[in-house]
Amino acid sequence: LKAAFAPVDSADVINPKVLPEPAFVVKTFSLADNQKWFLNICSHLIVDRPLSNGTQEQVDDTYLDSWCLANVQVPLHVCSRRVTVDHAGQESVAADVVFNPALTARATAGKNMNVFREHMCTLSLNHCEKEWGIKLDRKYKVIKALYKGGRGDGTAPLPIPELVEIERDQMLRAMANGGGAPPGYGAADAGGAGAASKKKLVQEFDSWEEAEKAAARKNAAEAAGAARAGSGGNGHTAALERSRAPPAAKPAGGSGEGAAIKKGFLSGKGGSLYPTGSTEGTPAPNAGDPLGWMPEKLRSRVKTVDTAGMDEEEQKRLMRVHAGLEEDPKAKERKEARAKWEEEQKAWQAVQDALPSREEMDKIARDTDPEEFLSELRLVSENMAALEAHQKLLPGATNAPWQGEVAPGVSFAKKGFLNQVEAAAPPPAHTSAPEPAGLRAGPVLAHELAEVQGGAALELVVHVPDSVDRSELEVDISAELVHIHGPGGLGLRLQLPRPVREEAASAKFIKKKRQLRLTMPVATGAGR
């Protein structure tokens, strides 16, 4: 029998259809013993194209060119490992990993070559580790050779064992019928391995003895089936058709080990198999989505950036933003909007803090005379309008003479000012003294006048704007009049209600509060 199989091992008669097509070689090492490994990445039509995760159908070239190997299942076949030598004569291990030709073609040329090659190398390492229970170094290298550990000088690929088994079956059938090798053996005939190449890979043999036993069992089964079905037709095709038929039912009383369906399965009361209807053959909800393999909750949080519609400069900018080398414009806009909102909130809070509380308003309504209230409100409004006009807070503010009218737009009042009844100066009781030379009418400084020291002195508190330096103020005090000169016509001319001793007056500037305090002792014998 071995002599009859000798032609199978001869390179001159090997059918090209059982040989894989070499693509590239991956060199790596075993982590346990530092043994060198060569993984020959090959192709053959017996391996299916990638399958879509959603529809479980083979994807076409358009999908592969657009999405590469995203959201697909990649069929592959790992052949037996064997001992070989490297270029230095050192012992190493070689194995073949077979993919569909559509993948190897894109892994050796094209714009997505590196993507396909990296994905296929990772799959090959994973399946070899699982097949033989080893750990391979992931720092692999793709070498220039196309094949390692083959026939002849080591570069000719070895046949795929499963396809060789099918061809051996053909030879056995021919020998059983009294003939020799099948006609055209060794050529690319349509009735030989060409038809066999459509068979799926189902079994692998590590020795000739196992292959001989399996071939003998299969030949006996096919001979028995041919005897029952009668002669005629292609024996190999008939055997394949019979292999697709369901197993024959065993007679009653048997062990029932070969039964395809358990007794009582169809008549059981376990409930409907598909209460809401079967979804077999229908596309999945995420069919065609490149991120369909990802859980829906996580997928909803993933931001997909489509670089197809971006120019090179925009792509570089996004990479700089992702690396933290540049601030994202959108994030900057959000940050500025947040800062503006916080400023508005602070301003609004300041306005709320400045307004009197409900209790203060009730107290004012009970204790304040309406006419006196309106007089104080008018005085404060005039002072605040003058201050704002000087600081150019009001639109159209000029240095024109102040006429004492309430300026529109004044909406700010210091909290608690309505309770300071004593701060309002009474109407002047004396005639005005002549203005000193050089005094020009202009905005009025905000101020309060009050009696202190039990009525023995008058205290004038003048509020100085932030834009005015204290060195720019000139103070002139007479017995009945106070003049304060500032830049731009800003100043104060105040008639005192009682004569004072100007020679004993004192001035103090409080920097923190921006206040100028003038303390003026009342003249002896001056009435209220």
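In this chain, residues are counted from 1 in sequence order. Only heavy atoms go into these numbers, but all of them, side chains included; no hydrogens, no water, no symmetry mates.
- Without hydrogens or angle criteria, Q56 side chain to L51 main chain gives no donor-acceptor distance under 3.5 Å.
- Side chain of E360 to main chain of S357: a donor-acceptor pair is present (N/O by atom type, distance under 3.5 Å, no hydrogens or angles).
- Side chain of N100 to main chain of V47: a donor-acceptor pair is present (N/O by atom type, distance under 3.5 Å, no hydrogens or angles).
- A side-chain N or O of H463 and one of E448 form a donor-acceptor pair less than 3.5 Å apart.
- Counting heavy atoms from C-beta on, the side chains of L69 and Y63 never come closer than 4.5 Å.
- When atom types are taken as modelled, the side chain of D137 and the backbone of F29 share no donor-acceptor pair closer than 3.5 angstrom.
- Side-chain contact between S92 and V83 is absent, with no heavy atoms from C-beta onward closer than 4.5 Å.
- You'll find the side chain of V464 stays beyond 4.5 Å of the side chain of R470, heavy atoms only.
- Residues V461 and L516 fail the side-chain proximity criterion, which asks for heavy atoms closer than 4.5 Å.
- By the 4.5 Å heavy-atom criterion applied to side chains, I143 and F24 are not counted as neighbours.
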From CA spacing to verdict: side-chain hydrogen bond (donor to acceptor under 3.5 Å, both in side chains), Q349, D353: CA-CA 6 Å; Q349 187 63 38; D353 293 341; 3.1 Å; yes
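- R49 places a side-chain N or O within 3.5 Å of a backbone atom of V59 that can act as its donor or acceptor partner.
- Contacts classified as salt bridge (Lys or Arg N to Asp or Glu O under 4.0 Å) and involving residues 341-352 (residues at least two apart or in different chains) are given here: R338-E342.
- Without hydrogens or angle criteria, H322 side chain to R320 main chain gives no donor-acceptor distance under 3.5 Å.
- Between R82 and V93, every side-chain heavy-atom pair lies at or beyond the 4.5 Å cut-off.
- Side-chain contact between W37 and K27 is absent, with no heavy atoms from C-beta onward closer than 4.5 Å.
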Let me have the donor-acceptor pairs involving side chains of residues 102-123, under 3.5 Å, with sequence neighbours excluded, atom names and distances please.
from, atom 1, to, atom 2, distance (Å)
T104, OG1, P101, O, 3.2
R106, NE, D65, OD1, 2.9
R106, NH1, A102, O, 2.9
R106, NH2, D61, OD1, 3.3
R106, NH2, D65, OD1, 3.4
T108, OG1, T104, O, 2.9
T108, OG1, A105, O, 3.3
N112, ND2, D65, O, 3.4
R117, NE, A107, O, 3.2
R117, NH2, A107, O, 3.1
T122, OG1, E118, O, 2.9

Salt bridge (Lys or Arg N to Asp or Glu O under 4.0 Å) between K36 and E91, intermediate numbers included: CA-CA 8 Å; K36 183 183 292 186; E91 185 179 282; over 6 Å; no
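- Judged as a side chain to side chain contact (heavy atoms under 4.5 Å, CB included), and not counting sequence neighbours, the contacts of D362 are R358, R366.
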